[in-house]
Amino acid sequence: MRVPNLILQPIVENAMRHAIAMNSKAGRIEIVATARNGMLRIVVKDNGPGLLPTSAGGNLKQGVGLANTRARLERLYGSNHRLELANEPAGGLVVTLEIPRISDMTLLNSNPSSS
């Protein structure tokens, strides 16, 4: 399966910076990937404080790294992707990324210059 280069880097870096580094107890980042129905689902969880609302309206703040990741996913997959951030009720943040499942063989078969 193929994952775009460095697509998880800003997500994991945010978990390190905002969850692990700010926590006085041991930190945890968990990455789980599953494939189903032609999609690859990657879930990144941490045990930090989660995202804090930026206003009384409850909107969650999004930094440059996540904005760039969203834009890159849009360029690569159009509307055929999902990137969601959610606070866990017990604490921490869950980032869910879903992209089309593409194998190395699919890429080779779709690239005429590889023959």
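Atom set for the values below is all heavy atoms of this structure, side chains included, hydrogens, waters and symmetry mates excluded. Counting from 1, the numbers follow the sequence of the chain as shown.
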request  = Check whether any side-chain heavy atom of T96 lies under 4.5 Å from a side-chain heavy atom of R82, and answer yes or no.
outcome  = yes
query = Which ILVMFWY residues are connected to V32, directly or by a chain of links, through side-chain heavy atoms under 4.5 Å apart?
reply = none
remark   = salt bridge (Lys or Arg N to Asp or Glu O under 4.0 Å) pairs touching residues 27-45, sequence neighbours excluded, are R41-E98
note = Contacts of L76 meeting side chain to side chain contact (heavy atoms under 4.5 Å, CB included) (sequence neighbours excluded), chain-then-number -> P4, R72
ask   = Which heavy-atom pair separates G50 from N87 by the least distance, and what is that distance?
value = CA-OD1, 3.2 Å
query = Any side-chain heavy atom of M39 within less than 4.5 Å of one from N80?
reply = yes
message = So does A15 get a backbone contact from the side chain of D46, meaning a donor-acceptor N/O pair under 3.5 Å?
response = no
request  = State which residue, out of V44, V95, I11, fulfils the side chain to side chain contact (heavy atoms under 4.5 Å, CB included) condition with I31.
outcome  = V44
task = Tell me who clusters with V43, hydrophobic residues only, linked when side chains sit under 4.5 Å apart either directly or through other members.
result = V94
request  = Measure the spacing between CZ of R2 and CD1 of I102 and express it to the nearest 0.5 Å.
outcome  = 9.0 Å
message = Looking at every non-hydrogen atom in both residues, tell me the closest pair between G48 and A19 and how far apart they are.
response = CA-CB, 3.6 Å
Pairs where residues 14-24 contributes a residue and the test salt bridge (Lys or Arg N to Asp or Glu O under 4.0 Å) is met, not counting sequence neighbours = E13-R17
query = Mind checking what makes side chain to side chain contact (heavy atoms under 4.5 Å, CB included) contact with H81, not counting sequence neighbours?
reply = L73, E74, Y77, I99
inquiry  = Can you tell me how far apart CG (L85) and CG (L93) are? Round to the nearest 0.5 Å.
reply    = 5.0 Å
query = Any donor and acceptor pair, going by atom type alone, linking the side chain of N47 with main-chain N or O of A26 inside 3.5 Å?
reply = yes
key: Interatomic spacing from CD1 in I42 to OG1 in T34 - rounded to 0.5 Å   = 9.0 Å
request  = To the nearest 0.5 angstrom, please state how far the CG atom of L97 sits from the OG1 atom of T69.
outcome  = 9.0 Å
